[in-house]
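Dumping the structure here so I can ask a few things about it.
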Amino acid sequence: MTEAAVCRRLVGRVAVVTGAGSGIGLAAARRLAAEGAHVVCADVDPVGGKAAAEQTGGLFVPVDVTDSDQVEALFKTAHDTYGSVDIAFNNAGISPPDDDSILTTGLDAWQRVQQVNLTSVFLCCKHALPYMRQQGRGSIINTASFVAVMGAATSQIAYTASKGGVLAMSRELGVQFAREGIRVNALCPGPVNTPLLKELFAKDPERAQRRLVHVPVGRFAEPEEIAAAVAFLASDDASFVNAAEFLVDGGIAGAYVTPQ
């Protein structure tokens, strides 16, 4: 979709995007900006984060999403700069190579993944919600994964568990704050053509191919396709979508067998 064809559903809204420096986060930052939002691009990588802010005409805030003080400062900066916090796309995450089967994954890898993928979402929600409650409106979109609703024999046990936690937490927050005008949804992408996935292809093509065969549409998603779902969930078009597991997976979760 070209920028000219994009809806303008978010004019004047303020969106905070974590992990904005690459992949889904970068595509989402671009899409939210194209729909009229002021975008605060948060990332631990200053190069990618600054580039994202430049591309979106937004603001770069360096942040370690596992640090409560830094996350609190992120949302305060967004509010102080633009006057509100309307959208929080809590997207930062990792999938390290030492996260594998439960039989081989060490405790260090387990704890590191939980901190970045799950605790960070807890912190972002915790520090975004007070602004949204004060405003009486807001949309929180937390990046979970299709693996939160399925099991895989080629396991990434820490990643899978962390995304299951994101899904459950998003559901509970969506229920808890619904009557205050705040929606919280878990975005559950299928495999996406991002730097992380490309690295998997390069390091272990057989493992990557084993995943691709299960996608009914026969390909991985492009980041822009996931970003379109983020923009929908952020907008008033999704005003009755709340506490949902929002699957954007090319049909994986609905498949028993896939086409030949």
Side-chain angles (χ1 to χ4, degrees), residues 3 6-93 116 119-143 170 173 177 180-185 187 223 226-239:
E3 186 171 327
V6 170
C7 302
R8 299 280 291 177
R9 297 174 291 191
L10 304 173
V11 174
R13 306 279 176 93
V14 179
V16 178
V17 179
T18 65
S22 65
I24 294 171
L26 177 57
R30 288 171 174 163
R31 178 61 185 258
L32 296 172
E35 293 218 17
H38 302 293
V39 181
V40 178
C41 298
D43 206 290
V44 72
D45 171 24
V47 176
K50 287 176 184 175
E54 288 172 5
Q55 291 175 42
T56 59
L59 175 69
F60 168 59
V61 177
V63 62
D64 174 354
V65 289
T66 69
D67 185 305
S68 183
D69 290 342
Q70 291 188 37
V71 174
E72 183 176 14
L74 164 66
F75 286 98
K76 185 178 187 301
T77 299
H79 185 270
D80 289 352
T81 303
Y82 295 115
S84 65
V85 176
D86 303 297
I87 301 153
F89 181 36
N90 303 323
N91 167 73
V116 177
T119 300
S120 73
V121 175
F122 166 82
L123 292 173
C124 286
C125 290
K126 183 179 185 69
H127 293 301
L129 276 163
Y131 295 106
M132 294 181 176
R133 295 183 74 197
Q134 185 178 15
Q135 297 161 187
R137 69 178 190 278
S139 174
I140 295 175
I141 304 136
N142 296 325
T143 300
S170 302
L173 294 176
F177 294 100
E180 296 188 50
I182 300 165
R183 296 181 295 106
V184 185
N185 291 291
L187 180 70
I226 308 303
V230 174
F232 167 70
L233 291 172
S235 78
D236 293 340
D237 282 347
S239 57

message = I need the minimum non-hydrogen distance between Ile87 and Leu10, along with the two atoms involved.
response =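 In this case the closest contact between Ile87 and Leu10 is CD1-CD2, 4.1 Å.
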ask   = Any donor-acceptor pair under 3.5 Å linking the side chain of Arg13 with the backbone of Val39?
value =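 Here the side-chain-to-backbone pair does not exist.
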ask   = Any side-chain heavy atom of Ile182 within less than 4.5 Å of one from Val184?
value =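 Yes, at least one pair of side-chain atoms sits under 4.5 Å.
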key: Atom of Thr77, atom of Thr81 and distance for their closest heavy-atom approach   =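 Taking Thr77 first and Thr81 second, the nearest heavy atoms are O-OG1, 2.7 Å.
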message = To check you understand the geometry: which heavy-atom pair defines the closest contact between Val16 and Ala78, and what is its length?
response =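 Heavy-atom minimum between the residues: CG2-CB, 3.6 Å.
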ask   = Should we count CD of Glu180 as having more than 12 external heavy atoms under 6.0 Å?
value =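 Atom CD in Glu180 is crowded, with more than 12 foreign heavy atoms closer than 6.0 Å.
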ask   = Is there a side-chain contact between Leu187 and Asn91, using heavy atoms and a 4.5 Å cut-off?
value =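 No - every pair of side-chain heavy atoms lies 4.5 Å or more apart.
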message = Just verifying a value: how many Å separate Arg30 CZ and Cys41 SG, rounded to the nearest 0.5 Å?
response =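 Rounded to the nearest 0.5 Å, the CZ-SG separation comes to 10.0 Å.
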message = Can you confirm whether Asn90 sits close enough to Ile140 that some side-chain heavy atom of one is under 4.5 Å from a side-chain heavy atom of the other?
response =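 A side-chain contact under 4.5 Å exists here.
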inquiry  = Would you compute the distance between atom NZ of Lys126 and atom OG of Ser120 and round it to the nearest 0.5 angstrom?
reply    =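 The distance works out to 14.5 Å.
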Interatomic spacing from OG1 in Thr56 to CG in Leu32 - rounded to 0.5 Å =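 So the OG1 of Thr56 and the CG of Leu32 are separated by 9.5 Å.
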key: Short N-O contact, Lys76 and Glu72, less than 4.0 angstrom   =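 Between Glu72 and Lys76 there is no salt bridge, as every charged N stays at least 4.0 Å from the carboxylate O atoms.
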key: Note: Arg9-Asp237 ion pair, threshold 4.0 Å (strictly below)   =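 Yes, Arg9 and Asp237 are salt-bridged.
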ask   = Are the side chain of Arg183 and the backbone N or O of Ala238 linked by a donor-acceptor pair below 3.5 Å?
value =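 Flag set: sc Arg183 to bb Ala238 pair under 3.5 Å.
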key: Audit row: Leu123, Cys125, side chain to side chain contact (heavy atoms under 4.5 Å, CB included) steps and yes/no   = CA-CA 5 Å; Leu123 292 173; Cys125 290; over 6 Å; no
task = Verify whether one side chain among Ser68 and His127 offers a donor that lies under 3.5 Å from an acceptor in the other.
result =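 Short answer, yes.
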query = Asp43 side chain to Gly49 main-chain N or O, any donor-acceptor pair under 3.5 Å?
reply =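 No, Asp43 side chain to Gly49 backbone: no donor-acceptor pair under 3.5 Å.
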inquiry  = For the SG atom of Cys124 and the CD1 atom of Ile141, what is their distance to the nearest 0.5 Å?
reply    =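 Answer rounded to 0.5 Å: 12.5 Å.
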request  = Decide yes or no for Thr143 and Phe89: does some side-chain heavy atom of the first lie under 4.5 Å from some side-chain heavy atom of the second?
outcome  =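 Side-chain contact under 4.5 Å: yes.
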query = Got a second to check how far Leu74's CG is from Asp67's CG, nearest 0.5 Å?
reply =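 Answer rounded to 0.5 Å: 11.5 Å.
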query = If every non-hydrogen atom of Met132 is compared with every non-hydrogen atom of Val85, which pair is closest and at what distance?
reply =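 That would be CG-O, 3.4 Å.
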ask   = Closest approach of Gly23 and Pro223, non-hydrogen atoms and distance?
value =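 The pair with the smallest heavy-atom distance is O-CB, 3.9 Å.
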task = Quick one: do Phe75 and Val40 satisfy side chain to side chain contact (heavy atoms under 4.5 Å, CB included)? Show the steps, please.
result = CA-CA 9 Å; Phe75 286 98; Val40 178; over 6 Å; no
message = In the structure I gave you, are the side-chain heavy atoms of Asn142 and Asn185 within less than 4.5 Å of one another anywhere?
response =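 No, every pair of side-chain atoms sits at 4.5 Å or beyond.
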ask   = Do the side chains of Asp86 and Tyr131 get nearer than 4.5 Å, heavy atoms only?
value =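 Of all side-chain heavy-atom pairs linking Asp86 with Tyr131, none is under 4.5 Å.
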ask   = Once you round to the nearest 0.5 Å, how far does CZ of Phe60 lie from CG of Asp45?
value =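 One finds 7.5 Å between CZ of Phe60 and CG of Asp45.
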request  = Output yes when a side-chain donor or acceptor of Glu35 lies under 3.5 Å from a complementary backbone atom of Val6, and no otherwise.
outcome  =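 It does not hold such a pair.
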request  = Heavy atoms only: give me the nearest Ala92-Thr18 pair and the separation to one decimal.
outcome  =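 Here Ala92 and Thr18 meet closest at N-OG1, 3.0 Å.
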Min side-chain heavy-atom separation Leu59-Val61 under 4.5 Å =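 Of all side-chain heavy-atom pairs linking Val61 with Leu59, at least one is under 4.5 Å.
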Leu26 and Gln55, any side-chain heavy atoms less than 4.5 Å apart =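 A side-chain contact under 4.5 Å exists here.
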query = Ignoring hydrogens and geometry, is there a side-chain-to-backbone donor-acceptor pair from Ser239 to Asp236 under 3.5 Å?
reply =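 Yes, the answer is positive, given that a donor and an acceptor are paired below the 3.5 Å cut-off.
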